[in-house]
Peer 1: 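Structure in structure tokens, see below.
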2 protein chains.
Amino acid sequence: METEGQRTVSSQGLAHASGVTSAQVRKDLSYFGNFGKRGLGYAVARLRKEIRLILGLNRRWRVALVGAGNMGSALFAYKEFRRQGFDIVAVFDVSADRIGQKWRDLTVRHIDELRAETERLGLDIGVIAVPARSAQGVADRLVAAGMRGVLNFAHRRIQVPPSVALRTVNLSIELESLAFAIKALGAKATGASRRTRATA
Amino acid sequence: METEGQRTVSSQGLAHASGVTSAQVRKDLSYFGNFGKRGLGYAVARLRKEIRLILGLNRRWRVALVGAGNMGSALFAYKEFRRQGFDIVAVFDVSADRIGQKWRDLTVRHIDELRAETERLGLDIGVIAVPARSAQGVADRLVAAGMRGVLNFAHRRIQVPPSVALRTVNLSIELESLAFAIKALGAKATGASRRTRATA
DNA sequence: TCGTGTGAACGAATTCACAGCG
DNA sequence: CGCTGTGAATTCGTTCACACGA
């Protein structure tokens, strides 16, 4: 909306754009502050700034990528991360034929260097892109190195202490959930069942 | 548990393994049927079978991948998909230097062939791994080709008719949400704020 | 005795609806 | 007027607690 030169937006406009109700938008925003003007709506630029502040996007984050395989290289190439304020400034692996590879302006390092590099570079977040069996070990090393957040792409639930933020993205589950939704849609079409639910 | 030879499991055991309460486990499972035996718990093999049936994993799904770039090739290489019953049996792109590439036992095709291939191969699900600006166009073609589900990895919200299941995976949002959680943890540590919430 | 399945109680989240401000 | 911000009403989801079957 800001790019398109729109100055203000109502809770209803935001609701329409994001697929929730206008009351929801107002309640949620008012939880963080009084950003709107009665009779007018929300100033787009101001609101965007406030939300970025709330989310912690008013700074750049330094990200370490662990795992230089297929998933790792795809994540490294994903331009949106940088655009949203997340810079991948270190890549680690254990495989001898990957260590030493030049990835753009940085070199793939052995994971033994994780701790030293974390301090040297001031890394904040570690991204796990290794096989499932190695995931917990990598998580432990990320925590020991002092990371404050971990994003796990391995197909395994991992544990970190409560002082570290954790998110796991399980790609298989995304497809499984699609399969379930397709089943539900089919059942709805034939009228064979209730308990269908919108997905998004 | 099945692999480890465990025969039965209580709702409490499942709760512990999955990070919810035992009452939640019982309520949720009982919604789909009476799978447990009082005094014993749930038979692991039976329960696993029932859940796979509920999720629609009692068959194989035929998946088309659109976008043969970094993300596409990472998804193509991701072995868990096949293991969970999702076979990527076609890959499409528009770029001349990608079309014709051999990816394992299949050939990258021009997206114009999507419709014909969907019918020929009986494709169920389309995965979008293209730049944000092309995402809606690809989605429209997937729908027109007759896909029943769409998994979108592009950094954009897309629309499909209600007869088609849709899921969007926004990788940036995963990192943004980590940033927010890290902020919340920091605030908690300094006692500067309430409203922290567990992540997982 | 153990542990499910499930009403009833509770708590959380959403929606309603409107006072009040620009 | 138009539209926010917010208590009150309502709906939804979770937890409690226990009858009952294995």
Side-chain angles (χ1 to χ4, degrees), chain A residues 1-2 4-55 157 173 177 180-181 184 187-188 193-200, chain B residues 1-2 4-55 157 173 177 180-181 184 187-188 193-200:
Chain A
M1 288 171 180
E2 197 175 21
E4 289 162 7
Q6 193 174 330
R7 290 299 181 74
T8 68
V9 62
S10 66
S11 58
Q12 195 155 142
L14 291 167
H16 186 78
S18 62
V20 299
T21 66
S22 61
Q24 188 77 74
V25 169
R26 293 200 300 280
K27 257 263 156 48
D28 286 0
L29 289 177
S30 76
Y31 178 81
F32 291 103
N34 293 10
F35 306 136
K37 291 229 182 311
R38 302 185 181 209
L40 248 186
Y42 300 87
V44 171
R46 156 97 193 281
L47 184 60
R48 178 161 183 275
K49 208 166 287 174
E50 295 284 2
I51 291 174
R52 293 186 62 85
L53 189 64
I54 292 163
L55 292 177
R157 182 179 296 273
I173 287 184
S177 135
F180 179 70
K188 186 196 257 175
S193 165
R194 319 111 293 127
R195 28 195 221 231
T196 43
R197 167 163 280 131
T199 39
Chain B
M1 287 170 179
E2 197 175 21
E4 288 162 7
Q6 193 174 331
R7 290 299 180 74
T8 67
V9 61
S10 66
S11 58
Q12 195 154 139
L14 291 167
H16 187 77
S18 62
V20 298
T21 66
S22 61
Q24 187 77 74
V25 169
R26 293 201 300 281
K27 257 264 154 54
D28 286 0
L29 289 176
S30 75
Y31 178 81
F32 291 103
N34 294 10
F35 305 137
K37 292 229 184 312
R38 304 186 179 204
L40 248 185
Y42 300 88
V44 171
R46 156 98 194 281
L47 184 59
R48 179 161 182 274
K49 210 167 287 174
E50 295 285 2
I51 290 174
R52 293 187 61 86
L53 189 62
I54 292 163
L55 292 176
R157 183 179 294 273
I173 286 184
S177 134
F180 179 71
K188 186 196 258 175
S193 164
R194 316 113 293 125
R195 24 196 223 233
T196 44
R197 167 163 278 132
T199 38

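To find a chain, count down the sequence lines: A is the first, B the second, and so on, and within it residues start at 1.
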Peer 1: Rounded off to whole Å, could you give me the CG-to-C1' distance for the B:Leu14 and C:dT4 pair?
Peer 2: 12 Å
Peer 1: With a 4.5 Å heavy-atom cut-off, do A:Asp28 and A:Val20 have their side chains touching?
Peer 2: no
Peer 1: Toward the 5' end of DNA chain D, which comes first, B:Gly39 or A:Asn34, by nearest nucleotide?
Peer 2: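 Its nearest nucleotide being more 5', the pick is A:Asn34.
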Peer 1: Tell me the closest heavy-atom pair linking A:Ala17 and A:Met1, and the distance in Å.
Peer 2: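 It is CB-CE, 4.2 Å.
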Peer 1: Quick one: is D:dG5 close enough that its OP1 or OP2 comes under 4.0 Å of any side-chain N or O from A:Tyr42?
Peer 2: yes
Peer 1: Let me know the distance between CD of A:Glu50 and P of D:dT4, rounded to the nearest Å.
Peer 2: 16 Å
Peer 1: Taking CD from A:Gln12 and C1' from D:dG5, how many angstroms apart are they, rounded to a whole number?
Peer 2: 16 Å
Peer 1: Should A:Ser11 be listed as having a side-chain N or O under 4.0 Å from OP1 or OP2 of D:dC3?
Peer 2: no
Peer 1: What closest approach, in Å, do B:Arg157 and A:Ser18 show between heavy atoms, and which atom pair accounts for it?
Peer 2: NH1-O, 3.8 Å
Peer 1: Given that A:Leu40 and A:Arg26 both sit by DNA chain C, which one's nearest nucleotide is further toward the 5' end?
Peer 2: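 Upstream on the strand: A:Arg26.
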Peer 1: Establish, with yes or no, whether the OP1 or OP2 oxygen of D:dC3 is under 4.0 angstrom from a side-chain nitrogen or oxygen of A:Ser10.
Peer 2: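 Looking at the OP1 and OP2 atoms of D:dC3, neither is under 4.0 Å from any side-chain N or O of A:Ser10.
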Peer 1: Picking from C:dG5, D:dT4, C:dT15, which would you name as closest to the side chain of A:Arg38?
Peer 2: D:dT4
Peer 1: Whole angstroms only, please: what is the CD-P distance between B:Gln24 and D:dA17?
Peer 2: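 Between P of D:dA17 and CD of B:Gln24: 17 Å.
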Peer 1: Take the protein atom CG of B:Asp28 and the nucleotide atom C1' of D:dT15, then report the distance between them rounded to whole Å.
Peer 2: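 So the two atoms are 12 Å apart, to the nearest Å.
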Peer 1: To the nearest Å, give me how far apart OH (B:Tyr31) and C1' (D:dG13) are.
Peer 2: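 After rounding, the gap between these two atoms is 13 Å.
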Peer 1: Is there a side-chain contact between A:Tyr42 and A:Arg48 in this structure, where contact means two heavy atoms from C-beta onward sitting under 4.5 Å apart?
Peer 2: no
Peer 1: Return whichever of B:Leu29 or A:Lys27 has its heavy-atom-nearest nucleotide of DNA chain C closer to the 5' end.
Peer 2: B:Leu29
